[in-house]
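Working notes for the structure below.
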Amino acid sequence: MSDKVIITCAVTGSIHTPTMSPHLPITPDEIAEASIGAWEAGASIIHLHARDPRDGRPTPDADTFMAFLPRIKQATDAVVNITTGGGHGMTLQERLAAPLRASPEMTSLNMGSMNFGLYPILDRISEFQHEWERTHLENSRDFIFRNTFKDIEYILKELGEGHGVRFEFECYDIGHLYNLAHFLDRGLVKPPLFVQSIFGILGGVGADEENLMHSRRIANKLFGSDYRWSVLAAGRHQMSFVTMAAMLGGNVRVGMEDSLYIAKGKLAESNRDQVAKIRRIVEDLSLEVATPAEARAMLGLKGGDMVNF
């Protein structure tokens, strides 16, 4: 089982906006349907953000999350992973509102503060469906995605100790791996760690093969056999980087949070299609895809019967 590949699907996120793709899930129904489709295609973990169904803007509103979380649980046995990163401009308490209410098996946990630049997208789009989209992108020019040591300690205590939540440790740079090692040394996080290396976000480590290999080496050095490695890459780098990760013994994350495309110049029509594509690639590499039950065992999760939705 340790050799099996866990597929995570991040179905909507808070980066892309409705103008960028007509296929981006927005409403609770669309998010639920996208999640179910991704699970049917082979995803064991579904990573979730919420959006205001009126205009698609990211929202931390716990009621909006609760409009789709029970439906996903009823229709699948997938591991539900709720964001604690939220979206640009949200406070820490806003970002934690939904996971504290839902008490999921897993949440994301970003391992450091960083610049998070989305504004170059403005050079490619002249007209938007909603004015908030332009403001959302422009504001990233002067935005620091806050994840201080105190913030991280708070999340580990409230969600980890308080709710038995395990974490997808999102590492946008090499320094974030060392931050995670710091918490491991202090005993505030426990193996097995699920380390998500992220490439291609402006402000984080670039999507270069050398960085992928270096991230793997440093993670091996810091964590040895105490972690499971996963990779995601933004935009056009998505499929190539996750394929390399699988070849290196890692796990993979796809989904429309990370890329709106299925191939060069071709928008993905669904999250299901992205999951199906990476599953084909993984299986063509003579690797097996982990089921949700296997992913739970590999990551030491509390189980789907221990959540509050």
Side-chain angles (χ1 to χ4, degrees), residues 9-35 47-69 82-99 101 108 110 113-147 151 170 172 198 200-204 232-238 254-262 265-271 273-274:
C9 183
V11 301
T12 189
S14 62
I15 293 174
H16 298 119
T17 70
T19 298
M20 298 177 194
S21 172
H23 309 297
L24 183 68
I26 298 296
T27 68
D29 281 348
E30 291 169 348
I31 291 171
E33 290 165 5
S35 300
H47 174 67
L48 293 163
H49 291 242
R51 291 177 178 269
D52 187 324
R54 296 168 296 182
D55 60 9
R57 75 177 68 211
T59 178
D61 179 57
D63 287 340
T64 304
F65 276 90
M66 295 304 290
F68 55 76
L69 291 176
I82 299 177
T83 180
T84 66
H88 285 191
M90 296 180 192
T91 67
L92 180 62
Q93 291 303 322
E94 287 174 331
R95 288 157 50 182
L96 295 184
R101 178 168 169 185
S108 63
N110 300 79
S113 301
M114 59 181 289
N115 294 332
F116 204 109
L118 307 177
Y119 62 88
I121 299 172
L122 291 167
D123 296 333
R124 305 196 296 270
I125 302 175
S126 57
E127 296 184 9
F128 291 92
Q129 295 179 33
H130 310 283
E131 189 54 36
W132 75 262
E133 300 177 66
R134 188 185 307 278
T135 303
H136 171 75
L137 298 173
E138 179 56 40
N139 284 350
S140 72
R141 195 185 303 269
D142 189 31
F143 172 73
I144 296 172
F145 182 25
R146 173 182 163 143
N147 297 283
D151 292 342
E170 296 195 341
Y172 289 81
I198 300 172
I201 296 294
L202 182 61
L232 74 89
R236 63 186 178 88
H237 304 287
Q238 183 185 70
V254 296
M256 296 178 74
E257 173 174 353
D258 305 332
S259 175
L260 295 174
Y261 290 83
I262 190 69
K266 183 179 179 183
L267 287 171
E269 295 186 7
S270 68
N271 284 274
D273 290 347
Q274 289 188 346

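All of these numbers come straight from a predicted model, not from anything done at the bench.
- Considering only heavy atoms from C-beta on, Pro22 comes within 4.5 Å of Leu267 through its side chain.
- Atom CD of Gln93 has more than 12 neighbouring heavy atoms from other residues, nucleotides or ligands inside a 6.0 Å radius.
- Nearest heavy atoms, His88 versus Ser140: CE1-CB, 3.5 Å.
- When all heavy atoms are compared, the tightest approach of Phe65 to Leu48 is CE2-O, 3.8 Å.
- In plain terms, the two heavy atoms of Cys9 and Asn271 that are nearest each other are SG-OD1, 3.5 Å.
- Rounding to the nearest 0.5 Å gives a distance of 10.5 Å between CZ of Arg57 and NE2 of His136.
- Atoms CD1 and CZ, on Ile82 and Arg101 in that order, are 10.5 Å from each other to the nearest 0.5 Å.
- The closest side-chain heavy-atom distance from Pro58 to His49 is not below 4.5 Å.
- Interatomic distance, CG of Asp142 versus OH of Tyr119, reported as 10.5 Å (0.5 Å rounding).
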Test side chain to side chain contact (heavy atoms under 4.5 Å, CB included) on Arg51 and Glu30 and set out the steps.
-> CA-CA 10 Å; Arg51 291 177 178 269; Glu30 291 169 348; over 6 Å; no
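- The line from CG of Leu137 to CD1 of Ile121 is 5.5 Å long, rounded to the nearest 0.5 Å.
- Taking 4.5 Å as the limit, every side-chain heavy atom of Asn115 sits out of range of all side-chain heavy atoms of Leu202.
- In this structure the side chain of Glu133 reaches within 4.5 angstrom of the side chain of Pro18, judged on heavy atoms.
- Ring pair Phe145/Phe143 is parallel by interplanar angle, where below 30° counts as parallel and above 60° as perpendicular.
- The CG atom of Leu24 lies 10.0 Å from the OG1 atom of Thr19; values are rounded to the nearest 0.5 Å.
- When all heavy atoms of Phe68 and Pro28 are compared, the pair lying nearest together is CB-O, 3.5 Å.
- By the 4.5 Å heavy-atom criterion applied to side chains, Leu232 and Glu257 are not counted as neighbours.
- Using a 30° and 60° split on the angle between ring planes, Tyr172 and Phe116 fall in the perpendicular class, above 60°.
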Step-by-step side chain to side chain contact (heavy atoms under 4.5 Å, CB included) determination, Ile125 to Met20 | CA-CA 8 Å; Ile125 302 175; Met20 298 177 194; 3.8 Å; yes
I would like to know whether His16 and Ser21 meet side chain to side chain contact (heavy atoms under 4.5 Å, CB included); could you show each step before the answer?
-> CA-CA 8 Å; His16 298 119; Ser21 172; over 6 Å; no
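- The local environment of CZ in Arg236 is sparse, with at most 12 non-hydrogen atoms from other residues, nucleotides or ligands closer than 6.0 Å.
- Judged by distance alone, the side chains of Asn110 and Arg95 never bring a donor and an acceptor atom under 3.5 Å apart.
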Test side chain to side chain contact (heavy atoms under 4.5 Å, CB included) applied to Thr17 and Arg134, step by step | CA-CA 9 Å; Thr17 70; Arg134 188 185 307 278; over 6 Å; no
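- Of all heavy-atom pairs spanning Ile262 and Asp273, the tightest one is CD1-O, 3.6 Å.
- A 4.5 Å side-chain heavy-atom check between Glu170 and Asn147 finds every atom pair outside the cut-off.
- With rounding to the nearest 0.5 angstrom, the CD1 atom of Ile26 is 7.0 Å from the CD1 atom of Ile31.
- Within the 4.5 Å cutoff, no side-chain heavy atoms of Ser14 are placed close to those of Met90.
- Scanning both residues, Asp55 and His130, for their nearest heavy atoms gives O-CD2, 3.3 Å.
- In terms of modelled atom types and a separation under 3.5 Å, the side chain of Thr12 and the main chain of Pro25 share a donor-acceptor contact.
- Within 6.0 Å of CZ in Arg141 there are more than 12 heavy atoms belonging to other residues, nucleotides or ligands.
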